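The model shown is predicted, which means the values in this text are computed figures rather than measured ones. Side chains are part of it too, since the values below use all heavy atoms of this structure and drop only hydrogens, waters and symmetry mates. Every chain is numbered from 1 and lettered A, B, ... according to where its sequence line falls, protein lines coming before strand lines.
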2 protein chains.
Amino acid sequence: MTQHLKTSSAEAPISIYSNGMKIYRQGDPSGSLYSVQFGCVLLARVTYGGNRQVGGFFFPNDVFGWESETEHCFSAEAAGTTGIRVFAPARDPNSTEWRHKQLLPSLTRLREQLLIVSLGTADARLAAFLCDLVERNRNDLLVLPMHRLDIAAYLGISPETVSRVLRRFKDAGLVSVPSTHYIKVLNLPALQQIQ
Amino acid sequence: MTQHLKTSSAEAPISIYSNGMKIYRQGDPSGSLYSVQFGCVLLARVTYGGNRQVGGFFFPNDVFGWESETEHCFSAEAAGTTGIRVFAPARDPNSTEWRHKQLLPSLTRLREQLLIVSLGTADARLAAFLCDLVERNRNDLLVLPMHRLDIAAYLGISPETVSRVLRRFKDAGLVSVPSTHYIKVLNLPALQQIQ
DNA sequence: CGCCAGATTGAGTAAAGTCAAATCCAGTGG
DNA sequence: CCACTGGATTTGACTTTACTCAATCTGGCG
């Protein structure tokens, strides 16, 4: 199912994953880094109580796979057909340099996520989530290959609430939803002001 | 009061801040790192809507001050009397090495925070918060010099709810609260299972 | 064309927010 | 040392929000 494509240069090869496949699993040895080429990846883990938690979504040019331990504490799953470039654990200093360059933006990104999720209302969270995606995509038309359940787990709300809030946004003319996995943001300023 | 960190650079001096003082402000130039020696530091910022958001708490041996931009996007405030060691922007490679060692744990820490805040109920969030602190402190007696308002902002709930949940925990014998800024965890396993 | 998982909608319930009042505490000054 | 005082915290009553559970709808796929 996984294909390896050679790129023109000496860069790392691209692996292609289909919807739902795991790039790595919770407990797998860590060390490699992964860069999304196309599609979407989500980090997920299961709590002791059996609940699914989603730790983040990654889109093209995002880098994931960081761990401070020797094991991954999340699984990484492809949402929709997804291309990944793998960077094996670094040995030469040039590669180390590259890794460090990627790390600080990841930290900033995580901080943004934290603030989205700590917002008071479901409306504010979903609005902030959509605004964040528009900014990262530089495009009003969002492709969301993941399930509503994953968005809900990520935002810390129920999937039914995601549905209802999205409907409210539609009725208010803030977004349009041409199909399940596409959302077009029609009024970004209004979305940004929701709290 | 003077401790030696395992770093090749000359020992940095300790600055002492009193309750509520700012170590740096939102918008200040970034670059230096800060290590908490005693007390507690919190990161805070104000949204466009005027709401206060708390990005994290830092206790002894925690390092903060990371930015991927040239400006701080949070303010850092002392909660209670707090000692800080400042590490100026690195120039020698040894110091760079030290900085990178600190960075990955910060990322992991942030990920834990994200999962605490994305929990469904206020009880689960406060319980996870307390468990996290016990683990970091290696001590059942928690010192929480920050205001309830800051804990509430951090957890994404109202201060009244923090109070009420804490009372429920007290009544259930899970914690005792000898005074406002001290919480003793009496039944950690039970707290860990709340969700 | 029918099937099934995912998504949406609806109704009732539980949880958390808001606003207001009461209480507690730390810091101040007598 | 102790009373005073203003801000912080807690408690109470009520309202709003979001969750739960169940039913319905939709779209992709054999």
Going through the checks in order, is the side chain to side chain contact (heavy atoms under 4.5 Å, CB included) test met by Leu103(B) and Trp66(A)?
CA-CA 11 Å; Leu103(B) 195 43; Trp66(A) 308 104; over 6 Å; no
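An OP1 or OP2 oxygen of dT11(D) is reached within less than 4.0 angstrom by a side-chain nitrogen or oxygen of Arg167(B). For dA18(D), neither phosphate oxygen OP1 nor OP2 lies less than 4.0 angstrom from any side-chain nitrogen or oxygen of Ser158(A). An OP1 or OP2 oxygen of dT10(D) is reached within less than 4.0 angstrom by no side-chain nitrogen or oxygen of Arg164(B).
Counting any heavy atom pair closer than 4.0 Å across all strands shown, Leu166(A) reaches no nucleic acid atom.
As rounded to whole Å, 16 Å separates atom P of dA22(C) from atom CD of Glu160(B). For the pair Arg168(A) CZ and dT16(D) P, the computed distance is 14 Å after rounding to whole Å. In this structure, the CD atom of Gln195(B) is 14 Å from the P atom of dA15(C), given to the nearest Å. To the nearest angstrom, C1' of dT26(D) lies 17 Å from OH of Tyr182(A). Rounded to whole Å, the distance from CZ on Arg148(B) to C1' on dG7(D) is 15 Å.
Between the side chain of Arg148(A) and the backbone N or O of Thr180(A) there is at least one donor-acceptor pair closer than 3.5 Å.
If Gly156(B) and Ser179(B) are placed on DNA chain C by their nearest nucleotide, the residue sitting closer to the 5' end is Gly156(B).
If you check dT8(C), dC25(C), dA16(C) against the side chain of Thr180(B), the one that comes closest is dC25(C).
Contact of the Leu42(B) side chain with the Tyr154(B) side chain is not registered, since no non-hydrogen atoms from C-beta on lie closer than 4.5 Å.
Relative ring orientation between Tyr34(B) and Phe64(B) is described as parallel, the plane-to-plane angle staying below 30° on a 0-90° scale split at 30° and 60°.
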